[in-house]
Every structure is written in C-alpha cells, then in structure tokens.
2 protein chains.
Amino acid sequence: MDLFVSKYINKIDKKGRVSLPSSFRNVLPKANRNEIILYKSIKTPSIEGCGVGRLKEIAKRINNLDFFSEDYDDFSTSIFSEIVTTNVDREGRFLIPEELKLYAGIKTEAAFFGQGHFFQMWEPKQGLKNTEDSRRRLLKEKKSLRMMLTQQK
Amino acid sequence: MDLFVSKYINKIDKKGRVSLPSSFRNVLPKANRNEIILYKSIKTPSIEGCGVGRLKEIAKRINNLDFFSEDYDDFSTSIFSEIVTTNVDREGRFLIPEELKLYAGIKTEAAFFGQGHFFQMWEPKQGLKNTEDSRRRLLKEKKSLRMMLTQQK
DNA sequence: CATATACCCATTGACGCCCATATATTCCCA
DNA sequence: TGGGAATATATGGGCGTCAATGGGTATATG
C-alpha cells in the first residue's frame, strides 16, 4: 500500500518526539525514508505531512510560474518558507517544530489521519471532531457521496 | 533535500558574521560549499542568495524576456551588476556586504526564508510581515494555493 | 602599517544515535 | 489449532555529535 490511510493516536515524549505510524513510514520512498516535510494546513488547524518527493513536485510547479510575477513570490514564500523538513530517527520518531505544534494545538498526543497522498496531524479531540463534522457534511449530500463511491471509471 | 526550505532567524555577531542555516549549506553543491552569491531582490527590500550554479538559471530567465524591452535592461542591470560572491567560513558563517545590509535594513539579526532554488534574507520583522501579506493575498484565492499543494502529477 | 577577513579554539544547547523495555503482532510447530 | 517463540512497534532515557555563537590571533591587501 503506497497511500496514507487509517488513523492513529501517538504520544509525544519528554523530548518532544512522536512515532510516525509504521504504516505511514512504509509509504515513504525507501530512499528518503528518514525525512518528511511538514506544513500548516490551509483550511484547518492541523499539520499536513508527506514525503520529500511530493515537495519536489510542488517545486516544479512553482518554478513554471512567471518568475517576475507577484504570484511567483507569493507561492514561493508561502510554501517554501513555511515548509519544514524533519528527520525521522531509527525508531521511526520525529520532532514536531514548536510553531507547528502551537498552530495545531498539539501538546501531549498527536492524532494521525491518513489522507491518501499526504496525512494530517491533529490535537486528538479536535481531530476526531473534525472527522465527525466531515462525515456529517457528506451525508447531507448523500447522493453525491453515493455517486463518488459507486461510479465506475 | 536539495531545496532551500523553512525559515530561520540567526544573529549577526560583532564582526558582522552570520551563520548560514545548516540545511541551506547542505543544498550548496559539495564542490562549492564555501561560496554563495548574493544580490538585491528586485521586488522586495530583501537580499536573495543561492549557490553559484544558480547564476546560469537566472541568466536564462532574463534572456527569455524581450531583448528590446526596457525590462530586459532593467533586470539585467539590476541583477548582474549587483551580484556579489561571499565566502562561507569553516563554521558556516559569512559576511553580509554593508550595502546589502542597508538595502534590507538588517542590523543585529537576519531572517532566512527558503524559496526553493534560492533563499531570501530579511530584517526579521519585515520578513515575517511579508510572509503574512503573501499568505493573505493567496488565501483570497484559496483554490489556487490548494491546487498547488494537493494536485497530483 | 592598519583594517578587514579567514582560521582556530571554546562553549552551550539541541538533536540524532544507541540501547532498553513493554506490548502487540506474526509466525511456526507440535 | 492452541500455545509459545520470534519479530515489530511504541515508548523511555543516556550520551555523543553537531549547529549556532563568541572571541583570539594570524594573514592578506592596500
């Protein structure tokens, strides 16, 4: 499986370390399995993460913008300067930068939510509530959810 | 990771030295890891920097502008004639030329902002404000920033 | 000779590596 | 198929190394 799926709640130890769920580690390319990138989610008070390969994709896209436009600077600044890279140690743990922890309200535990090609980290209570809210919103539009799930390609 | 990412705020000591963030040093080619180039940003009161290899890329970008346009001359002059090369010492520190420091209003601290293939140095307060402004402009077009981050290849 | 700059050494705190353990999971065999 | 061994995962903690910073001194360069 090369997708981030399922959810996990892991503890943050005294040193600030937290285990990246084992199944998430296996999604990272074997070459860069000890490095992940993190950034603030745009829409929610959560942290998003993924492997470095994805960052290179993003870099390529930004590089294709007009170098002298304002958009270029805005994207470049908002993305590259807000992204942090973090090393995963031999036991599969990493440090969450203080600023990101504050942004997500994470203190002693972090909830990991698989999102396919990336994952999110939430303060557990807020994260679970967000899941419920998401589901509730989807069910209100049952028809479109049905289509989404049953449609053949 | 071969991109300049994340942001750091480092001190400038009595001798005018400042540490190039360790992760930035690692982006420089091993061959010329002790040399960087700096120039005034065209659009903002900041200093831009990168490894020497990047110069060719900049030249290409400028070359793609209409040769007879006023922009061509302006960019060409503003960038090439203003470029300075600086040596990084064994501890990873370098001197910011006085003229560039003045241009960016940098005094006792410098904020480093990763921009992918290059980086920017700002007076910390101004730099952080710039980041906020950038992000605010982009959030007005939430869709485009989201696409940039989540789109699959 | 005077000023600027590079090299060397030192200090501090943060982080990565190593070792250890408890629990959970898988695997294997009788 | 049940039980136990082997393995993996999440977690805890000691300690060495490295990054950021400070300062002395040699050296270059005009």
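No experiment lies behind these values; they were computed from the predicted model shown. First the proteins, then the strands, lettered A, B, ... as listed; each starts at 1. The basis for the numbers below is simple: all heavy atoms, side chains too, and nothing from hydrogens, waters or symmetry mates.
Using cut-offs of 30° and 60° for the angle between ring planes, the B:W122 and B:F113 rings count as perpendicular. Using cut-offs of 30° and 60° for the angle between ring planes, the B:F112 and B:F94 rings count as perpendicular.
The two atoms that bring B:E35 and B:L28 nearest to each other are O-CD1, 4.4 Å, heavy atoms only.
Counting only N and O atoms by type, the side chains of B:T44 and B:S41 include a donor and acceptor under 3.5 Å apart. One side chain, A:T77 or B:Q115, offers a donor N or O that lies under 3.5 Å from an acceptor on the other. Inspection of the B:S23 and B:Y8 side chains reveals an N or O donor paired with an N or O acceptor under 3.5 Å. Counting only N and O atoms by type, the side chains of B:E48 and B:Y39 include a donor and acceptor under 3.5 Å apart.
Going from atom CZ of A:F112 over to atom C1' of D:dT11 covers 13 Å, rounded to whole Å.
Residues from residues 5-30 of chain A lying near DNA chain D, meaning a heavy-atom separation below 4.0 Å, are A:N10, A:K11, A:D13, A:K14, A:K15, A:R17, A:S19, A:L20, A:P21, A:S22, A:R25 in numerical order. DNA chain C is contacted by A:R90, A:E91, A:R93, A:L95 of residues 89-99 of chain A, taking any non-hydrogen atom closer than 4.0 Å.
Under the 4.0 Å criterion applied to side-chain N and carboxylate O atoms, A:K101 and A:E123 are not assigned as salt-bridge partners.
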